[in-house]
Q: 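So that we are looking at the same thing, I have put the structure below in C-alpha cells.
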Amino acid sequence: GAGVSQSPRYKVAKRGQDVALRCDPISGHVSLFWYQQALGQGPEFLTYFQNEAQLDKSGLPSDRFFAERPEGSVSTLKIQRTQQEDSAVYLCASSRRAWSNQPQHFGDGTRLSIL
Amino acid sequence: KQEVTQIPAALSVPEGENLVLNCSFTDSAIYNLQWFRQDPGKGLTSLLLIQSSQREQTSGRLNASLDKSSGRSTLYIAASQPGDSATYLCAVSRPPQGGSEKLVFGKGTKLTVNP
C-alpha cells in the first residue's frame, strides 16, 4: 500500500491477556519505529528497527513488551500479561533510511483498551 | 533528557486569521525538528521538517522557523480555514552520535478554526 498500515485498529483485552499488534511499513523503508500515545499526550518512543535489527529498545516500559521485525519489513509489538496502564494508542512509523532528514510516516495506530 | 513544550495547549480562532504556534526544547543539540498534524482517531501527518542547519521551511500556507541556539520553533499558519482544525505536534530528534533517530514530542496544540 501507499502508507503505513496497522492492524487491528481497535483491540479490547482483559487484564492478564497477551496481545499482538501488527505494522506494515511503507515498502522499502529501512527504519521502523513504535510509539505509545496516551490520551491527551504526545507520542512516546518505544523501540526502533533498522531493517531486521532492533537497535534501540530504550523506551519499552517493561519486559512484558517485546517487538520483532524478522524479515526487515512487517513488525509485531507484543504485550504479555496486559495491565490497565497499557491502555493507549500504539503508533508505528517508518522512514526511507536512517539519518537522511526524511520525515517519519505514521500509521493510524491501534487503540488498545485493557479491561 | 530532552523535553519539548508547546504553547498554547489549545487555541480557537475565527476563519481567516493568521496564527502562530510555539514549540520550545531544552537541548539544542538536535538533528532535525518536525511539525505534524493529528486529526481525531488518526495517525500523524508530517507537515514540515527543518534540518538543524536550516532556519525555516515553507509549504503552502505553512511556515516553520527554527532558532536552535535558543531552543525555539514556531509554526505560522496564514489565512486559517476550518479544515486546519486539528492537533499540531512538534518533535525533535537527536544527532547520530546520540543513538537512534527517535522523536521526542510535545503534548501538542489543539487548534479550532471557527467558520
Side-chain angles (χ1 to χ4, degrees), chain A residues 1-7 9-10 21 23-26 29-51 53-60 67 88-111, chain B residues 1-10 21 23-25 30-54 57 59 62 64 66 68 86-110:
Chain A
V4 177
S5 177
Q6 292 188 245
S7 61
R9 287 281 286 123
Y10 304 92
L21 313 180
C23 172
D24 270 283
I26 294 173
H29 277 199
V30 166
S31 294
L32 186 145
F33 303 82
W34 284 98
Y35 294 88
Q36 180 190 59
Q37 187 174 23
L39 192 63
Q41 304 294 313
E44 292 195 355
F45 171 78
L46 293 175
T47 189
Y48 165 68
F49 289 87
Q50 184 171 312
N51 294 308
Q54 188 175 20
L55 299 185
D56 187 349
K57 50 183 181 180
S58 61
L60 296 176
V89 175
Y90 291 84
L91 295 166
C92 176
S94 69
S95 64
R96 190 176 301 276
R97 63 181 193 273
W99 309 116
S100 59
N101 275 308
Q102 300 277 331
Q104 292 184 22
H105 299 268
F106 282 77
D108 283 342
T110 293
R111 184 176 297 274
Chain B
K1 178 186 172 186
Q2 179 74 273
E3 292 183 1
V4 178
T5 303
Q6 292 188 245
I7 294 173
L21 307 181
C23 171
S24 62
F25 46 95
I30 64 170
Y31 184 65
N32 61 45
L33 182 145
Q34 298 181 47
W35 282 94
F36 293 89
R37 167 188 174 135
Q38 187 171 32
D39 293 284
K42 296 291 188 180
L44 282 64
T45 300
S46 178
L47 298 173
L48 291 165
L49 182 151
I50 310 177
Q51 300 176 31
S52 60
S53 59
Q54 297 176 326
Q57 281 286 336
S59 175
L62 305 179
L66 173 64
K68 198 174 73 164
T87 296
Y88 290 80
L89 291 154
C90 167
V92 296
S93 62
R94 56 187 180 181
Q97 60 269 30
S100 72
E101 206 175 346
K102 65 185 180 186
L103 294 172
V104 178
F105 285 86
K107 293 183 178 181
T109 294
K110 184 175 181 180

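In this text, all values refer to a predicted model and were calculated from it rather than measured experimentally. Chain naming here is simple, since letters A, B, ... match the order of the sequence lines and numbering starts at 1 in each.
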Q: Under a 4.5 Å heavy-atom cut-off, does chain B meet the side chain of A:L91, its backbone, both or neither?
A: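 Only the side chain of A:L91 comes within 4.5 Å of chain B.
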Q: Between B:E101 and chain A, with a heavy-atom cut-off of 4.5 Å, which part of the residue counts as in contact: side chain, backbone, both or neither?
A: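 Interface part for B:E101: both.
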Q: Which one of B:A91, B:G41, B:S93, B:A9 has the most heavy-atom pairs closer than 4.5 Å to chain A?
A: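 Winner by heavy-atom pair count: B:G41.
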Q: Side chain from CB out, backbone as N, CA, C, O: work out which of these in B:Q6 comes under 4.5 Å of a heavy atom of chain A, or both, or neither.
A: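 For B:Q6, neither part sits under 4.5 Å from chain A.
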Q: Can you say whether A:D56 sits under 4.5 Å from chain B via the side chain, the backbone, both, or neither, judging by heavy atoms?
A: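 Contact with chain B involves the side chain of A:D56 alone.
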Q: Counting only heavy atoms not in A:E44, do more than 12 fall under 6.0 Å of its CD?
A: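 Incorrect, the count does not exceed 12.
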Q: Between B:L49 and chain A, with a heavy-atom cut-off of 4.5 Å, which part of the residue counts as in contact: side chain, backbone, both or neither?
A: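 For B:L49, the side chain is the part near chain A, not the backbone.
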Q: Which answer fits A:T110, side chain, backbone, both or neither, if we ask what part of it has an atom under 4.5 Å from a heavy atom of chain B?
A: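 Looking at A:T110, nothing touches chain B.
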Q: Closest heavy-atom contact between B:L89 and A:G42?
A: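 So the minimum-distance heavy-atom pair works out to CD2-CA, 4.2 Å.
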Q: Considering non-hydrogen atoms only, spot the tightest contact between A:F45 and B:S100 and give its length.
A: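 In this case the closest contact between A:F45 and B:S100 is CZ-OG, 4.0 Å.
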Q: If you tally heavy-atom pairs under 4.5 Å against chain B, which of A:G109, A:S95, A:P103 wins?
A: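 Max contact count across the listed options: A:P103.
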Q: State the CD1-CG distance between B:I50 and A:N101, to the nearest 0.5 angstrom.
A: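 Atom-to-atom, B:I50:CD1 and A:N101:CG are 11.0 Å apart.
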Q: Please determine, among A:H105, A:Q50, A:R9, A:Q37, the option with the most heavy-atom pairs under 4.5 Å with chain B.
A: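 The residue among A:H105, A:Q50, A:R9, A:Q37 with the greatest pair count is A:Q37.
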Q: Between OH of A:Y35 and NZ of B:K102, what distance do you get to the nearest 0.5 Å?
A: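 So the gap between those two atoms works out to 9.0 Å.
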Q: Non-hydrogen atoms of chain B under 4.5 Å away: do they reach the side chain of A:S58, the backbone, both or neither?
A: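 It is the side chain, since no backbone atom gets that close.
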Q: Which answer fits B:L103, side chain, backbone, both or neither, if we ask what part of it has an atom under 4.5 Å from a heavy atom of chain A?
A: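 Both parts, heavy atoms under 4.5 Å.
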